[in-house]
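Side-chain atoms are counted along with the backbone in the values below, which use heavy atoms only and exclude waters and symmetry mates.
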Amino acid sequence: LPSVKQMQQVLNAIRSSRSSAKVILLDVTFCRFKQRFYCLENDKFPTEEFASQQYPQGWRGEPELIFKNIGKLSAKLNSDESTFGMKEGAYQIDKRTKKCGQRYYYHGQHRSVKKLLQEQGIPPWLRDVYPIVYHQDTIAAIGDILVCDDFRVKGGLQLRWQWMLR
């Protein structure tokens with residue numbers, strides 16, 4: 001059983017004004033995010049080191065690309081000309097890095113990847129392993145959230161990201 005001091009740390013994290021408070025206790029990590037409290041087993045917690053073993057991966061639009069114990073990126077060619085998807089081609093899938101402000105170009109504006117993931121409600125502990133699709137050094141898509149302007153076509157590949165945490 002955890003000590004009184006350890007349980008006090010957990011309770012303080014719950015009450016913390018920081019919306020992303022985190023406490024590691026034994027083999028469990030307690031996180032708070034968007035008014036919810038999460039209890040995550042440490043061996044299922046996707047660390048950046050673990051993700052580095054899974055990323056980067058080359059990709060040419062195969063129907064399914066699996067990142068062991070993280071997730072699965074699926075792609076389906078959509079012939080519906082009323083929707084937009086990603087153009088076919090050779091891409092690289094990598095995790096988000098914290099290097100000085102990764103930016104993408106969408107609807108004529110340059111925006112921050114960090115800000116997008118926050119707006120989409122992706123918990124902080126998953127942001128560092130969220131898949132980013134690159135063409136050379138340019139962001140082409142961010143998971144299944146969006147396809148950047150220079151890579152959007154009518155029809156195209158429809159992307160879907162599914163978490164598969166251990």
Just how far is it from atom [atom1] of [X] to atom [atom2] of [Y], taken to the nearest 0.5 Å?
{"X": "Leu40", "Y": "Leu126", "atom1": "CG", "atom2": "CG", "value": "8.0 Å"}
{"X": "Asp150", "Y": "Tyr106", "atom1": "CG", "atom2": "OH", "value": "13.5 Å"}
{"X": "Phe84", "Y": "Asp149", "atom1": "CZ", "atom2": "CG", "value": "10.0 Å"}
{"X": "Gln158", "Y": "Ser79", "atom1": "CD", "atom2": "OG", "value": "10.0 Å"}
{"X": "Gln57", "Y": "Asp94", "atom1": "CD", "atom2": "CG", "value": "10.0 Å"}

Below 3.5 Å, can you tabulate the donor-acceptor pairs from side chains in residues 139-148 to any protein atom, sequence neighbours excluded?
unit_1, atom_1, unit_2, atom_2, d
Asp144, OD1, Tyr130, OH, 3.3
Asp144, OD2, Trp161, N, 2.9

Practice prompt. Using the rule that two of Ile, Leu, Val, Met, Phe, Trp, Tyr join whenever any of their side-chain heavy atoms come within less than 4.5 Å, decide whether Val133 and Tyr105 are in one cluster.
Written response: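 No, it is not one cluster - the side chains of Val133 and Tyr105 are not joined through contacts under 4.5 Å.
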
Item to complete: Please check if Tyr104 and Tyr134 belong to a single hydrophobic cluster, counting links between Ile, Leu, Val, Met, Phe, Trp and Tyr side chain heavy atoms closer than 4.5 Å.
Response: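 Yes: a chain of side-chain contacts under 4.5 Å links Tyr104 to Tyr134.
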
Please table the atom pairs, donor to acceptor, closer than 3.5 Å between any side-chain atom in residues 115-122 and protein atoms at least two apart or in another chain.
unit_1, atom_1, unit_2, atom_2, d
Glu119, OE1, Arg111, NH2, 2.9
Glu119, OE2, Arg111, NH2, 2.8

Item to complete: Provide the full list of salt bridge (charged side-chain N to carboxylate O under 4.0 Å, His left out) pairs with a residue in residues 71-84, sequence neighbours left out, each pair given once.
Response: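 Those involving residues 71-84 are Glu64-Lys72.
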
Fill in: Main-chain N/O of Gly156 paired with Asn78 side-chain donor or acceptor, under 3.5 Å
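Side chain of Asn78 to backbone of Gly156: no pair is present.
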
Worksheet item: Hey, does the side chain of Arg103 reach the backbone of His110 with a donor-acceptor pair shorter than 3.5 angstrom?
Response: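 A pair under 3.5 Å: yes.
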
Worksheet item: Quick one: which of Met86, Lys87, Glu88 gives a side chain to side chain contact (heavy atoms under 4.5 Å, CB included) with Val153?
Response: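 Single pass found, and it is Lys87.
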
Item to complete: Please name the pair of heavy atoms, one in Pro131 and one in Ile93, separated by the smallest distance, quoted to 0.1 Å.
Response: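 Looking at all heavy atoms of both residues, the shortest contact is CB-CG2, 3.9 Å.
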
Item to complete: Using the side chain to side chain contact (heavy atoms under 4.5 Å, CB included) rule, take Phe67 and Leu65 through it: C-alpha gap first, then chi angles, then the decisive distance, then the call.
Response: CA-CA 7 Å; Phe67 298 88; Leu65 189 57; 3.8 Å; yes

Discussion item. For Tyr91 and His135, take the angle between the two ring planes, folded into 0 to 90°, and tell me which bin it lands in: parallel under 30, tilted 30 to 60, perpendicular over 60.
Written reply: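 Rings of Tyr91 and His135: perpendicular, as their planes differ by over 60°.
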
